[in-house]
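Computation of the quantities below employed the complete heavy-atom set of this structure, encompassing side-chain atoms and omitting hydrogens, waters and symmetry-equivalent molecules. Whatever order the structure lists ligands and atoms in, that order sets their numbers, starting from 1.
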Amino acid sequence: MPQGVYLDNAATTPVDPRVFEAMRPYWLDDWGNPSSVYAVGRRARRALDDARDRIAQVLNCRANEIVFTGCGSESDNLAIKGVALAQSEQRGWRHLVTSRVEHHAVLHACEWLSQHLGFEVTYLEVDKLGRVEPARVAEAVRDDTALVSIMYANNEIGTIEPIAEIAQAVKARNSATVFHTDAVQAGGLMPLDVQALAVDMLALSGHKFYAPKGVGLSFVRRGTPLVHLMSGGGQERGIRAGTENVPYIVGMTTALELAYAEYEQRVAHVSGLRDRVVAGVLGGIPGARLTGHPTERMPNSASFTIEGADGESMLLNLDQEGIFASSGSACTSGTLEISHVLKALHLPEEQARGSLRLTTGVRTTDADVDRLLEVLPGIVERVREVTPALAS
Ligand code: PLP
């Protein structure tokens, strides 16, 4: 275990030792290609089939509605590009709807379709808490809307979107419009019953719930129009060619089962610590404000703006104290650009520049939070002194 206080569980999580143990046999013993007909391949095939059945149990869907992918980004791309191309071919529909606060995997997939293939994209505004209003979604859906993609929970500000209501609003307006949700941040910490959520497609990524990085899945409701993006062998019912990563798929399955078997304890643990972070930061640092929704937010997510303190400088100072945090999403950290999510909230620039995201996990302790709350006020003071131009 590396020394330090890890408060960036929305970026990634460590592999659970039980997940690691579950994967081990599929490297060392049952390492065959699941498409091979002989015994070692058949054992790998059984593990793969079993994983699909077990995931289907958790998501409350059919096993053949699960497609294993290489990551959350791939699942998002499969949904957006795969559905857009199919709807265009089958119906001539070439309009997409998404929100301004989506992950880049969604936004850039939409931009790609518009730049290269001339699709039209409507980007919905969010309110100042980052919520997408179901009625606004319904208004944006047209007779030729191929797909609506709205995330389940935001990776930067933790806001949870009313997915079931949005799905119903979309279907009431146009029953053949496909509704996809990027549930990457929600995986393991929010209910994932796809019938209750009423979604046609849903994306998950293993490394957000204590499985390895580099494995994900898509739920694809039976009958959803979808063109495959990866050509090759007939794996994953021809939707995603490529020899399946059996150890990682078994690991992700075990991790998902554990997350929902231990759901109440995990949510209570991460949200209790999260609430301590929120109370401590808002109470101990003048000029600190919570970003995102105060109650409809991920149980592990505390996100702030700290006026007059540059976000990147806070991260570097925290790092020197052995505290690992984030300023917006991992992809936008390291650049001075204000993240597209904070821009969409229309925050004043001097606030948005001081963004700080602290996300708790199953291994976070009270002592970790104590340490954060002990050093953060001093760091903010120091950072404010060296960034006078930003001070209010
Ligand atoms: N969608 C959201 C909301 C995310 O937070 C992330 C990763 O941070 C992704 C998609 C991409 O997932 P992956 O890292 O597995 O490609």
Side-chain angles (χ1 to χ4, degrees), residues 6-15 19 55 67-82 98-112 126 130-132 149-161 163 166 180-190 192 197 199 201-219 229-230 240 245 248-249 251-253 255-256 259 291-293 297-303 324-335 339-342 344 355 357-361:
Y6 184 71
L7 287 170
D8 203 14
N9 287 274
T12 196
T13 56
V15 172
V19 168
I55 297 267
V67 177
F68 292 117
T69 65
C71 56
S73 301
E74 184 187 334
S75 292
D76 284 337
N77 273 265
L78 174 66
I80 290 156
K81 295 176 183 171
T98 189
S99 83
R100 292 216 179 274
V101 295
E102 300 295 310
H103 190 269
H104 281 141
V106 168
L107 290 175
H108 291 169
C110 289
E111 280 163 30
W112 188 93
V126 294
R131 290 269 279 192
V132 174
S149 186
I150 303 290
M151 71 201 317
Y152 194 160
N154 188 273
N155 45 307
E156 290 190 38
I157 56 172
T159 297
I160 295 164
E161 303 296 350
I163 289 305
I166 295 172
H180 169 252
T181 190
D182 171 345
V184 168
Q185 285 295 328
L189 288 174
M190 291 294 295
L192 280 188
L197 289 171
V199 296
M201 288 188 75
L202 173 144
L204 283 178
S205 176
H207 74 105
K208 308 294 184 178
F209 50 86
Y210 309 94
K213 288 162 257 303
V215 61
L217 67 87
S218 297
F219 158 70
L229 305 181
M230 186 69 83
R240 201 267 188 178
N245 189 342
Y248 276 34
I249 289 168
M252 177 172 64
T253 303
L256 198 68
T291 52
H293 202 286
R297 63 183 302 125
M298 282 299 291
N300 65 341
S301 170
S303 60
F324 312 127
S326 165
S327 175
S329 70
C331 342
T332 43
S333 295
T335 71
S339 84
H340 66 283
V341 176
L342 297 176
S355 80
R357 180 186 75 178
L358 301 158
T359 44
T360 57

*Asks:* So between D182, V215, N77, whose heavy atom ends up nearest atom 3 (C) of ligand 1?
*Replies:*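 It is D182 whose heavy atom sits nearest to atom 3 (C) of ligand 1.
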
*Asks:* Hey, what do you get for OG (S99) to CD (E161), rounding to the nearest 0.5 Å?
*Replies:*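 The OG atom of S99 sits 6.5 Å away from the CD atom of E161.
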
*Asks:* For the residue pair S355 / S327, report whether a side-chain donor-acceptor contact shorter than 3.5 Å exists.
*Replies:*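 Yes, S355 and S327 have a side-chain donor paired with an acceptor closer than 3.5 Å.
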
*Asks:* CD1/I55 to CZ/F68 distance, rounded to the nearest 0.5 angstrom?
*Replies:*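 Rounded to the nearest 0.5 Å, the CD1-CZ separation comes out at 5.0 Å.
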
*Asks:* Among all residues two or more places apart in sequence or in another chain, which pass the side-chain contact (heavy atoms from CB on, under 4.5 Å) test with Q185?
*Replies:*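 Testing Q185 for side-chain contact (heavy atoms from CB on, under 4.5 Å), a comparison that skips the adjacent residues, returns A10, A153, N155, K208.
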
*Asks:* On a heavy-atom basis, I'd like to know which of H207, M151, Q185 is closest to atom 14 (O) of ligand 1.
*Replies:*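 Checking each option, the heavy atom nearest atom 14 (O) of ligand 1 is found in H207.
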
*Asks:* Going by atom types only, do T69 and S75 share a side-chain donor-acceptor pair under 3.5 Å?
*Replies:*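 Yes, because at least one side-chain N or O of T69 sits under 3.5 Å from a partner of the opposite role on S75.
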
*Asks:* Counting only heavy atoms, which portion of S205 has something under 4.0 Å from ligand 1: side chain, backbone, both, or neither?
*Replies:*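 Under 4.0 Å from ligand 1, S205 contributes side-chain atoms alone.
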
*Asks:* Could you tell me whether some N/O pair between A10 and ligand 1 is separated by less than 3.5 angstrom?
*Replies:*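 Such a contact does not occur with ligand 1.
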
*Asks:* Under a 4.0 Å heavy-atom limit, does K213 contact ligand 1 with its side chain, its backbone, both, or neither?
*Replies:*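 Neither; nothing of K213 gets under 4.0 Å from ligand 1.
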
*Asks:* Just which atoms of ligand 1 are under 4.0 Å from any heavy atom in K208?
*Replies:*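 Checking each atom against K208, I get 7 (C), 8 (O).
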
*Asks:* Which atoms of ligand 1 have any heavy atom of D76 under 4.0 Å away?
*Replies:*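 Every atom of ligand 1 under 4.0 Å from some heavy atom of D76: 1 (N), 10 (C).
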
*Asks:* Applying a heavy-atom cut-off of 4.0 Å, say which part of V106 lies close to ligand 1: side chain, backbone, both or neither.
*Replies:*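 V106 to ligand 1: no contact under 4.0 Å from either part.
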
*Asks:* Taking atom types as modelled and ignoring hydrogens, do the side chains of S303 and T291 form a donor-acceptor contact shorter than 3.5 angstrom?
*Replies:*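 There is such a pair between these side chains.
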
